[in-house]
Structures are given as structure tokens and as C-alpha cells.
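In what follows, chains are A, B, ... by sequence order, proteins preceding strands, each numbered from 1.
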Protein chains: 2
Amino acid sequence: MYSLAEENYLKAIYHLESKNKGAVSTNAIAEAMDTKPSSVTDMVQKLAEKKVLSYIKYKGTSLTEKGKKTAANVIRKHRLWEVFLVEKLNFHWDEVHDIAEQLEHIHSEELISRLDKFLGFPDFDPHGDPIPDKHGNIKPTEKKLLSELHKNQKGVCVGVKESNSEFLQYLDKKHITIGTKISVLGKEFFDGSMVIQVGRDQFFISQKIAENLYIQTN
Amino acid sequence: MYSLAEENYLKAIYHLESKNKGAVSTNAIAEAMDTKPSSVTDMVQKLAEKKVLSYIKYKGTSLTEKGKKTAANVIRKHRLWEVFLVEKLNFHWDEVHDIAEQLEHIHSEELISRLDKFLGFPDFDPHGDPIPDKHGNIKPTEKKLLSELHKNQKGVCVGVKESNSEFLQYLDKKHITIGTKISVLGKEFFDGSMVIQVGRDQFFISQKIAENLYIQTN
DNA sequence: TTTTATTTTTAGGGATGGCTAAAATTTGGT
DNA sequence: ACCAAATTTTAGCCATCCCTAAAAATAAAA
């Protein structure tokens with residue numbers, strides 16, 4: 001059983017490691033956790049003793065398999081609770097983070113298992129981030145067409161399939177460019193149309209548009 | 001904002017005070033919290049400074065209005081979460097206490113307000129205990145007929161209305177006597193019949209039985 | 001390569017919330 | 001009223017998790 005502080009460190013290190021690939025620096029952890037580097041050193045040494053990460057003085061840390069699994073489990077809980085807050089309690093997707101930040105530390109395997117079922121075993125949280133399974137595995141994601149995304153999935157625009165000027169002008173008008181983050185808020189099975197979120201704006205797009213945008217879902 | 005430890009102390013003192021009426025002793029708190037009297041003294045002095053309880057050395061403590069309201073709010077959260085766990089996640093009513101003990105400390109007024117609505121503004125938790133409203137008030141309860149209880153309400157048998165021997169023999173067979181705790185698990189509006197819990201047993205009773213048992217719901 | 005800047009660790013300490021042991025106070029029996 | 005027993009408080013200490021200040025190691029620049 002890990003303390004609240006330990007879980008938060010593991011989570012932060014997990015995120016940093018998956019973003020930058022490679023050992024994570026003490027300063028990077030301190031910044032992410034909004035704390036001081038000296039505090040990080042203390043905690044990292046403690047966590048190394050618990051075998052959830054490997055730590056070499058002055059060289060940074062990286063999670064062990066045990067640490068990754070523990071961190072992924074906290075993230076799983078966070079994202080499942082976010083789905084609950086949005087889908088069941090009708091919170092807006094940008095209001096739920098602080099509450100989920102608390103709920104993610106509730107200790108009960110059974111609770112999460114039942115919550116998962118209650119929510120219909122969702123694959124993505126309301127921000128479009130993937131929900132790890134109970135073993136800490138995240139479905140691998142790669143470049144795909146926007147039209148292939150599910151509801152609640154999100155990604156970054158990495159290209160277009162056909163690039164005629166009308167299409168590019170349309171993208172321009174909607175402020176979609178390479179690097180733009182797009183979330184699928186809703187999807188109509190009947191015609192493949194979607195409601196998407198781009199920055200602060202939410203709007204409807206047809207299947208034709210969705211089939212011509214490449215998205216990196218990672 | 002109160003810490004986890006502070007909230008637990010307030011809750012324990014609230015329960016002790018409502019059971020025994022009058023100032024609560026240090027030892028009683030220590031026993032309820034499974035801690036040492038010296039630790040209780042420390043915390044009680046801290047809470048007295050925060051004006052949530054009044055404390056006189058060697059004489060015990062009692063909650064101020066502020067303290068009562070804070071404690072009732074924690075209890076409200078605990079009981080609402082219990083309803084969620086039983087009604088939505090299909091936990092059994094005797095499995096939910098430890099999880100609710102954690103969930104009760106999540107800080108978000110908005111969350112509880114929405115949870116309350118999501119659950120249909122329940123008046124009682126799955127153990128039959130009343131759920132305080134957002135101002136910390138609990139509906140006053142008194143002696144009533146078992147037939148007047150709602151689903152999930154509970155109470156202690158304090159008497160019978162008609163006492164013919166067949167009825168008393170029936171009660172005996174079902175192990176119902178003065179002081180027996182009875183919970184209403186289900187109620188049929190059509191004929192007023194109920195499913196009740198008595199100790200470890202759950203069984204069906206007719207409206208006629210329910211109309212002849214006095215229950216103290218407090 | 002040597003100096004300077006940055007990063008990281010160590011040392012020492014503070015707040016919270018718990019503990020044991022000993023002292024103080026109250027309660028109860030005679 | 002007095003002594004013994006029980007209760008309660010105080011004093012001093014421990015673990016967790018954070019901090020500042022100073023020292024050590026590494027990285028960058030001249």
C-alpha cells in the first residue's frame with residue numbers, strides 16, 4: 001500500500017518518463033510536483049528502497065516494472081473517476097481534474113472493478129486519454145484517421161490525406177493545423193459525423209472531413 | 001478545510017455525543033478512534049483552538065455548532081457514498097463501510113450536491129441511518145410503526161401494538177424482541193409487504209405484521 | 001583544461017499526528 | 001476527609017513529508 005505522496009510521485013514520474021523517454025531528472029520531478037528538488041531526492045530514495053524505481057545519484061530515476069504498474073493503476077483510477085464525473089454526474093470535462101485527483105487515491109480494487117463495469121468498461125477518459133487496464137497496460141495507439149477515433153478519444157493532428165485548397169481553407173477557418181489537439185466529443189454511427197473539440201471551440205464535422213485528417217493518438 | 005484526522009475526530013465525537021448526551025471523555029474518544037488518550041488530548045486542544053469544540057481540562061469536550069455542522073457534513077458524505085456503492089455498484093450493505101470511510105473525506109461541495117441528485121436525494125443510507133441535509137440537519141425521528149418505515153430505513157423494536165399470542169409466537173420464531181434491530185430492505189407499495197433484515201436473516205413480512213410493531217428510529 | 005553555471009544531494013529543521021512514560025487531577029471507597 | 005484507583009495531561013520522542021541553506025557533483029563555456 002502506497003501513501004498519497006508516494007502515489008503522486010509515481011504518477012508524475014510515469015508521465016514524465018512516457019513523454020521524454022529515458023531517465024527522469026530530479027528537477028523535472030520537482031517542477032511537475034510543484035515542490036523542491038531536495039524533497040524529491042528524499043522521496044526518490046525512499047521509493048528506490050521500495051523497488052518501484054531505480055535511482056542513481058545525480059543521474060536521475062526510472063520506474064521499475066512494479067513502479068510502472070502501480071503508477072498506471074493510479075492513472076486508471078483517475079481516468080475512470082473522470083468518466084464517472086462527466087457521464088454520470090454531468091460535470092463538464094474541464095471541471096473534473098481536481099476531484100479525480102482526490103478520488104484516484106481511494107484504495108479498493110473491488111471498487112474500481114465495479115466502477116469500471118458500471119461505466120461500461122470505457123477505453124478513454126473525457127479528455128480522450130486512454131484508460132489503462134487492471135494490469136497497467138494501455139492499448140497501443142498510433143497514427144490513424146480522425147474518422148477512426150471513438151467518442152472521447154483525442155489526438156493531435158499530424159497530417160491530411162487529400163490536400164485540395166478548399167479542404168485546407170476549411171481547416172484554416174476552424175483553426176486546425178499540424179499539432180492541433182482534437183477531441184471527439186460525439187460520433188453519429190448513422191453518417192459517421194462527429195462533434196469535435198478544437199481549443200475552446202466545439203463544432204460538427206462530416207465524415208468526409210474526418211476521413212481526411214491524420215491523427216496521432218499518443 | 002479540515003484534515004483527514006480532524007474530520008475523523010469530529011465524526012467520532014459527534015457519534016459519541018449523540019449516543020450518550022453530554023460532554024465526551026478523552027478515554028471514550030480514544031477507544032472510538034482506536035488511539036491513545038494522550039493523542040486525543042493533543043488533537044482536542046488543537047480543535048478547541050479552531051472553535052469546533054469546547055474543551056475543559058479533565059472535564060471532557062463537546063462540539064460547538066460549527067463542529068456539529070462539520071461532523072454532520074462528513075457523515076452526510078459517508079452515507080451518500082454508501083447509497084452509491086449499494087444502489088449503483090451493487091455492493092452488499094455490509095461491505096461498504098471501509099470504502100465510504102475513505103470517500104467521505106473527498107473535498108468538493110459540488111461533487112456531493114451532484115451525487116445527492118444522482119442518487120435521487122435519498123433520506124437513508126443502506127443501513128437505515130438518516131442522511132443529514134447540506135446544513136447538517138437530520139430529520140427528527142421518533143417511535144413509529146414498522147409499516148411507516150421507508151426502504152433502507154432501520155430502527156429498534158420498542159414494542160407491539162396488538163399482543164395476541166399467535167403474533168408474539170411469530171415474533172419469537174423470527175427472533176424479534178424488544179431491542180431487536182430491524183432494517184427495511186424492500187417495500188412493496190401494492191400490498192405494504194416488506195423484506196426486512198433481522199440480525200443475519202432476511203425475510204418477508206406482511207403489512208399486517210408491520211402495522212403491529214413499534215420501531216424507534218433513532 | 002580550467003572556470004563558471006547548473007543540477008543534485010546533504011544537513012538540519014518544521015508541522016502534523018501518532019507514541020510511551022511520568023506527572024497531575026479527579027473520582028470513589030472507607 | 002483521606003487514600004487508592006482511574007482518568008487525563010504533559011513532556012519528550014518518532015515517522016512522514018515538506019522546507020532552506022550549504023556542499024558536492026556534473027555540465028557548459030571560455
Side-chain angles (χ1 to χ4, degrees), chain A residues 1-14 16-17 19-20 22-63 67 70-71 74 101-102 104-107, chain B residues 1-14 16-17 19-20 22-63 67 70-71 74 101-102 104-107:
Chain A
M1 195 75 75
Y2 298 92
S3 74
L4 196 145
E6 287 171 339
E7 288 189 350
N8 283 333
Y9 271 95
L10 289 174
K11 189 169 53 119
I13 296 168
Y14 183 97
L16 289 168
E17 209 170 359
K19 273 189 183 63
N20 306 319
V24 180
S25 77
T26 301
N27 264 10
I29 299 170
E31 197 190 351
M33 303 268 312
D34 194 29
T35 184
K36 302 294 168 188
S38 55
S39 305
V40 173
T41 301
D42 279 354
M43 181 58 92
V44 150
Q45 289 175 343
K46 197 176 96 182
L47 291 173
E49 275 171 30
K50 294 196 178 186
K51 311 279 187 207
V52 286
L53 54 79
S54 59
Y55 162 67
I56 304 168
K57 261 193 188 183
Y58 296 105
K59 295 296 177 191
T61 69
S62 59
L63 296 182
T70 306
V74 175
E101 203 78 353
Q102 297 179 64
E104 74 189 6
H105 301 292
I106 303 292
H107 291 296
Chain B
M1 195 74 74
Y2 298 92
S3 73
L4 196 146
E6 288 171 338
E7 288 190 349
N8 282 332
Y9 271 95
L10 289 174
K11 189 169 53 119
I13 296 168
Y14 183 96
L16 289 168
E17 210 170 358
K19 274 190 184 60
N20 306 318
V24 180
S25 77
T26 301
N27 264 9
I29 299 170
E31 197 189 352
M33 302 270 310
D34 196 27
T35 184
K36 303 294 168 189
S38 56
S39 304
V40 173
T41 301
D42 280 353
M43 180 57 93
V44 150
Q45 289 175 344
K46 196 175 98 181
L47 291 173
E49 276 171 28
K50 294 196 176 186
K51 311 277 186 208
V52 286
L53 52 80
S54 59
Y55 162 66
I56 304 168
K57 261 193 187 182
Y58 295 104
K59 296 295 179 189
T61 69
S62 59
L63 296 181
T70 306
V74 176
E101 202 79 353
Q102 297 179 62
E104 73 189 7
H105 301 293
I106 303 293
H107 291 295

Side chains of B:I29 and B:V44 in contact at under 4.5 Å (non-hydrogen atoms): yes
Of all the heavy-atom pairs spanning B:M43 and B:A5, show the shortest one and how long it is. CE-CB, 3.7 Å
Using the test salt bridge (Lys or Arg N to Asp or Glu O under 4.0 Å), find all partners of B:E31 that sit at least two apart in sequence or belong to another chain. none
Nearest whole Å is fine: how far is D:dT10 P from B:M43 CE? 16 Å
Expressed as a whole number of angstroms, how long is the span from B:L47:CG to C:dG18:P? 11 Å
Expressed as a whole number of angstroms, how long is the span from B:Y2:OH to C:dA15:C1'? 18 Å
Any side-chain heavy-atom pair of A:Y2 and A:V52 under 4.5 Å: yes
By a strict heavy-atom criterion of less than 4.0 Å, which residues belonging to residues 22-29 of chain B are in contact with DNA chain C? none
Whole angstrom value for the distance that separates C1' of D:dC18 from CG of A:L4: 14 Å
Below 3.5 Å between N/O atoms, which protein atoms pair up with nucleotides 20-22 of chain D? Just atom names and distances, please.
| unit_1 | atom_1 | unit_2 | atom_2 | d |
| --- | --- | --- | --- | --- |
| D:dT20 | O4 | A:S38 | OG | 2.9 |

Sort and list the pairs that fulfil side-chain hydrogen bond (donor to acceptor under 3.5 Å, both in side chains) and have at least one residue in residues 47-56 of chain B, not counting sequence neighbours. B:E6-B:K50, B:S54-B:S62
Members of residues 48-60 of chain A that approach DNA chain C, where some heavy atom sits under 4.0 Å away: A:Y55, A:K57, A:Y58
Taking the side chain from A:E17 and the backbone from A:L63, do they hold a donor-acceptor pair closer than 3.5 Å? yes
Quick check: do A:Y14 and A:T70 have side-chain heavy atoms less than 4.5 Å from each other? no
Say you draw a straight line from CG of A:D42 to OH of A:Y9; how long is it, rounded to the nearest 0.5 Å? 8.0 Å
Side chain to side chain donor-acceptor pair (under 3.5 Å) against A:E104, all qualifying residues, sequence neighbours excluded: A:K11, A:H78
For the side chain of B:Y9, counting heavy atoms from C-beta on, which of C:dG18, C:dT10, D:dT10 is nearest? C:dG18
Taking all non-hydrogen atoms of both residues, which atom of A:P37 and which atom of A:N27 are closest, and how far apart? CG-OD1, 3.3 Å
Could you walk me through whether B:V74 and B:L10 pass the side-chain contact (heavy atoms from CB on, under 4.5 Å) test, one step at a time? CA-CA 9 Å; B:V74 176; B:L10 289 174; over 6 Å; no
Figure out the CG/C1' separation between B:D42 and D:dG12, and round it to whole Å. 11 Å
